[in-house]
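The sequence lines fix the lettering, A, B, ..., with proteins before strands; numbering per chain opens at 1.
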2 protein chains.
Amino acid sequence: MTTRSVPARKRTNDPEGLRQRLVEAAHVAFQLKGYHGAGIHELKHAAGTTGGALAHHFPTKKALGLAVLRDRVAAAVERAWIAPVRAAPTAAAGIAAAFAGIIAELKRAGEVTGCPLNNLAIELARHDAAFRTEIEAVFLRWRRAIAEKLRQDLEAGLIAGLQPDAFATFVVASYSGAMTMAKVSQSTVPLELCAAELAKILEDARRPAGPPADTAGRGSPQRRPRR
Amino acid sequence: MTTRSVPARKRTNDPEGLRQRLVEAAHVAFQLKGYHGAGIHELKHAAGTTGGALAHHFPTKKALGLAVLRDRVAAAVERAWIAPVRAAPTAAAGIAAAFAGIIAELKRAGEVTGCPLNNLAIELARHDAAFRTEIEAVFLRWRRAIAEKLRQDLEAGLIAGLQPDAFATFVVASYSGAMTMAKVSQSTVPLELCAAELAKILEDARRPAGPPADTAGRGSPQRRPRR
DNA sequence: GGTAAAACAGGACGATCATCCTGTTTGACA
DNA sequence: TGTCAAACAGGATGATCGTCCTGTTTTACC
């Protein structure tokens with residue numbers, strides 16, 4: 001226990017806290033202005049720190065960008081998509097919940113800054129191999145979570161006639177593209193339209209009542225096999 | 001007619017040609033490295049010109065960017081999507097043709113640089129109002145072409161149970177998002193999966209034989225009204 | 001052929017970019 | 001309490017950013 005009666009502290013060393021502030025500031029700035037559009041000076045000013053601290057925690061801008069991807073963007077996808085899908089009773093409910101949550105948040109914010117993963121993906125996928133790998137991993141986890149839920153629904157006999165992996169990719173693609181248009185039009189309408197379309201498709205894939213499917217049994221689904 | 005027997009020409013004034021070279025170089029560079037990622041020096045070097053010429057044709061980088069959007073990006077969307085959709089017998093065929101053409105071109109190129117409209121949209125939509133307006137206009141024309149074709153199919157009784165405008169937005173969103181994933185994974189697979197999903201959905205919306213629909217007639221479509 | 005504007009060349013310009021360097025403060029441990 | 005590495009401050013650094021300025025060449029028109 002050091003003498004804590006020192007009159008006034010000039011500085012408080014808080015490496016983890018400052019690191020978080022830097023990553024958060026970068027996350028926000030990248031989301032608003034893009035990776036190349038946001039300058040280092042702006043980032044350290046927003047985080048309330050200086051060049052020395054930034055260099056200590058992140059030697060290069062690339063290191064900071066990777067931290068944003070790993071810590072914030074991956075977490076955002078987890079929070080907005082993976083968790084709702086996993087928690088929902090069905091894939092259809094989970095997808096609807098994810099869309100609804102994001103739309104509600106956008107309306108509350110009053111502006112559309114776009115999907116953080118897509119924003120960085122388009123700007124950095126071809127720019128650097130490390131970024132590309134990291135981004136691809138997040139996309140993969142995202143698709144996997146949806147596909148897994150779809151597989152559960154299929155095995156439970158709740159839906160029929162679709163391939164989990166292909167449809168999961170389709171869902172992510174529809175959402176991503178809708179968010180891009182939402183960003184351009186600064187409106188949630190594209191997201192609402194796409195959510196409705198996906199809901200219709202999943203409704204059509206639903207089985208009538210749903211007696212647990214005889215998984216290995218006869219190959220004839222009860223309703224409209226989608227070829 | 002001037003004396004054309006001058007020994008050697010040092011320069012050939014070709015304002016329109018140089019302008020095209022500048023716009024083309026910028027289009028390529030923006031596609032590969034993004035708007036902010038591509039520098040002015042790089043652009044004028046690629047176009048084989050100097051600062052004076054660039055300043056003469058485009059006073060600012062923004063002016064050059066807008067020219068790229070109007071001249072090249074809009075044309076790319078027109079060529080890859082609007083024209084195939086208009087030329088096709090049905091919307092389903094047009095959408096399939098657009099996907100197929102783009103996938104074939106990507107395989108020929110051996111790399112995926114992404115949709116030029118999406119690339120610029122995500123980077124510039126929130127950066128500048130002029131860019132946003134221009135990008136939104138291209139998206140609108142794109143969606144309108146698909147919606148128009150869907151409306152024709154509906155009126156011809158070829159399909160039923162979907163809203164043209166909403167579904168057109170859905171198609172553009174699916175493609176855009178799929179292209180983003182294709183860029184990240186450097187693979188055409190996401191595009192192929194999404195094309196197949198859209199084909200399935202449009203197949204399900206197809207009417208059996210297709211006697212020209214009694215447009216204003218009874219409100220009960222022959223097969224599975226999608227609510 | 002003379003003239004003026006358009007079409008270019010080529011470099012200067014200040015600002016900002018990301019990174020690095022030196023020096024000071026803090027905190028853990030002996 | 002003394003020591004030392006980690007954690008920061010703050011500015012220097014060269015490179016590159018986009019823009020602008022001066023001067024020369026070409027072209028259209030009289």
Task: Side-chain ion pair, A/Glu197 and A/Lys200, N-O less than 4.0 Å - done: yes
Open item on the list: Taking 4.0 Å as the cut-off, does a side-chain nitrogen or oxygen of B/His57 come that near to OP1 or OP2 on C/dC8?
Closed with: yes
- [ ] Could you tell me whether B/Gly39 contacts a base, only the sugar-phosphate backbone, or nothing, with contacts defined as non-hydrogen atoms closer than 4.0 Å?
- [x] sugar-phosphate
- [ ] Using whole Å, report how far CG of A/Asp128 lies from P of C/dA18.
- [x] 15 Å
Task: Closest to the B/Thr49 side chain, choosing from C/dA9, C/dT19, D/dG18 - done: C/dA9
TODO: Measure from the side-chain heavy atoms of B/Asn13 and tell me the nearest of D/dA7, C/dA7, D/dG18.
DONE: C/dA7
Task: Closest to the B/Ala55 side chain, choosing from C/dT19, D/dC20, C/dA7 - done: D/dC20
Open item on the list: Ring-plane angle category for A/Trp142 and A/Trp81, please: parallel below 30°, perpendicular beyond 60°, tilted otherwise.
Closed with: tilted
Open item on the list: Is A/Thr12 close enough to C/dT26 that one of its side-chain N or O atoms is under 4.0 Å from OP1 or OP2 there?
Closed with: no
Task: Distance test, side-chain N/O of B/His56 to OP1/OP2 of C/dA7, below 4.0 Å - done: yes
Task: Atom-to-atom span, CG of B/Leu43 to P of D/dG18 - whole angstrom - done: 8 Å
TODO: Measure from the side chain of A/Lys61, starting at C-beta and using heavy atoms only, and say which of D/dC20, C/dC8, C/dA18 lies closest.
DONE: C/dA18
TODO: Specify the separation, in whole Å, of atom NE2 of A/His45 and atom P of C/dC17.
DONE: 13 Å
Open item on the list: Using whole Å, what does the distance between atom C1' of nucleotide D/dA9 and atom CG of A/Leu18 come to?
Closed with: 12 Å
- [ ] Take the protein atom CZ of A/Arg19 and the nucleotide atom P of D/dA6, then report the distance between them rounded to whole Å.
- [x] 17 Å
Open item on the list: Please classify the nucleic acid contact of B/Ala38 as base, sugar-phosphate, or nothing, using heavy-atom distances under 4.0 Å.
Closed with: sugar-phosphate
- [ ] Starting from P on C/dC8, measure out to CG on B/Asp14 and report it in whole angstrom.
- [x] 7 Å
Task: Closest listed nucleotide, where the reference is the side chain of A/Thr50 and the choices are C/dT19, D/dG10, C/dA9 - done: D/dG10
Open item on the list: Keeping A/Lys107 on the side-chain end and A/Thr188 on the backbone end, is there a donor-acceptor pair under 3.5 Å?
Closed with: no
Task: Whole-Å gap separating C1' (C/dA7) and CZ (B/Phe58) - done: 14 Å
Open item on the list: Side chains of A/Asn119 and A/Lys183 only: does a donor on one sit below 3.5 Å from an acceptor on the other?
Closed with: yes
Open item on the list: In this structure, how many angstroms lie between the P atom of D/dT13 and the CD1 atom of A/Ile40, rounded?
Closed with: 20 Å
Open item on the list: Heavy-atom nearest nucleotide on DNA chain C for B/Glu16 versus A/His41: which residue maps closer to 5'?
Closed with: B/Glu16
TODO: Determine, for A/Arg132 against A/Glu136, whether the closest basic-nitrogen to carboxylate-oxygen distance falls under 4.0 angstrom.
DONE: yes
